[in-house]
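Step one of this worksheet: look at the structure below.
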Amino acid sequence: MWSIICHGGAGSISSDVETAHREGCEGALRAGIEILERGGAALDAVCETVRRLEDNPVFNAGIGATVDENGMVSCDAAVCNGRDLGYGAVGAVSGVRHPIDLARAVMEDGRHALLVGPGAIQFARQRGIELVDPKRMETDPSRARWWFTSAESPPEGDTVGAVARDRSGHLAAATSTGGLLRKYAGRVGDSPIAGAGTYARDDLGAVSATGHGETFMRTVFAFQALQSLSRAPEAPEEVLRLELDQATARIGGRGGAILVLPDGRIAFARNTDRMGVAWAAQGKPLQTAF
Ligand code: ASP
């Protein structure tokens, strides 16, 4: 049985963008479903889903990503293959049209798991990954988030991610983000850190997190959640929510996460006001939530 779920970020997202978030997640998920339906790999399905979300300026990833304290867009992304623990990630990259493509290229190269900054751009050039003028990554929504979010309001929202199980029982996870609003220049969040914001292991499950990245890094959230789920697999949504609440109670912040278990069951949880999600499984209709 195949199954797939994607998210468009957890946060205090305005209800004005509910339709855009639901439709954005749904459209991107359909691309992943098509791959899984024809027997394709979970890895391909999550990368394609995240790629579509990166193209949608509604979300804080790829085109439309938010800006740092200097007004620059810099992105983080990761992909993890549950089959062999293949892992590729990039941090603080500017001007990469699809950061998830670059993360995948790092994984396929296989020598390293995480590349950052100018070296990552050099690697992108060598591998033929599409580069654009970093200014082109900024769109009205990211500017609006930058200019109209007051210094006091919580910096969060709109990261994207996907996790899936394919017909062969392999799992994969992918996450992509512009990071937190007004982050320090050079800040890297949880999304590209293995076991924090992104993780997949065929015998445990696959997770993509969204929210306060420092919390997820400091609690090794994704791996911790999968460990807990392996001890209590009968109630995945409750366990995921409990892990979220424990992590945020300990460190601060808020967030959400999506999950697929080795048997294909899907779950999501958040302790933010909102998180756009879309999910589907073999023989079951696509659904969305916000
Ligand atoms: N987790 C992301 C980060 O800290 C942000 C988010 O999910 O909104 O970079």
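Remember, it's 1-based here, ligands and their atoms both numbered in the order they're listed. Note that these values count all heavy atoms, side chains included, but never hydrogens, waters or copies made by symmetry.
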Can you confirm, on distance only, whether ligand 1 has an N/O atom lying under 3.5 Å from any N/O atom belonging to Ala209? no

Do the rings of Phe59 and His21 sit parallel, tilted or perpendicular, given the 30° and 60° boundaries? perpendicular

Using residues 25-36 as the side-chain source, report each donor-acceptor pair under 3.5 Å to any protein atom, sequence neighbours left out, with the distance given to one decimal.
from  : atom 1 : to    : atom 2 : distance (Å)
Glu26 : OE2    : Arg30 : NH2    : 2.9

For Arg241, side-chain contact (heavy atoms from CB on, under 4.5 Å) partners two or more places apart: Asp245, Ala269, Asn271

Under 4.0 Å, heavy atoms only, figure out whether ligand 1 is touched by the backbone of Arg187, its side chain, both or neither. side chain

Consider every N or O of Asp190 and every N or O of ligand 1, then say whether any pair is closer than 3.5 Å. yes

Mark yes when over 12 heavy atoms from residues, nucleotides or ligands other than Arg83 sit less than 6.0 Å from its CZ; otherwise mark no. no

Between Ile193 and Tyr87, which heavy-atom pair has the shortest distance, and what is it? C-OH, 3.4 Å

Thr210 N/O under 3.5 Å from ligand 1 N/O: yes

Can you confirm whether more than 12 heavy atoms, excluding those of Arg218, are under 6.0 Å from its CZ atom? no

At less than 4.0 angstrom from any non-hydrogen atom of Thr159, what atoms of ligand 1 do you find? 2 (C), 5 (C), 6 (C), 7 (O), 8 (O)

Any nitrogen or oxygen of Asn60 lying under 3.5 Å from a nitrogen or oxygen in ligand 1? Just yes or no. no

Polar contact flag for Gly211 and ligand 1 (N/O pairs, less than 3.5 Å): yes

If you measure every N or O of Glu214 against every N or O of ligand 1, does any of those distances drop under 3.5 Å? no

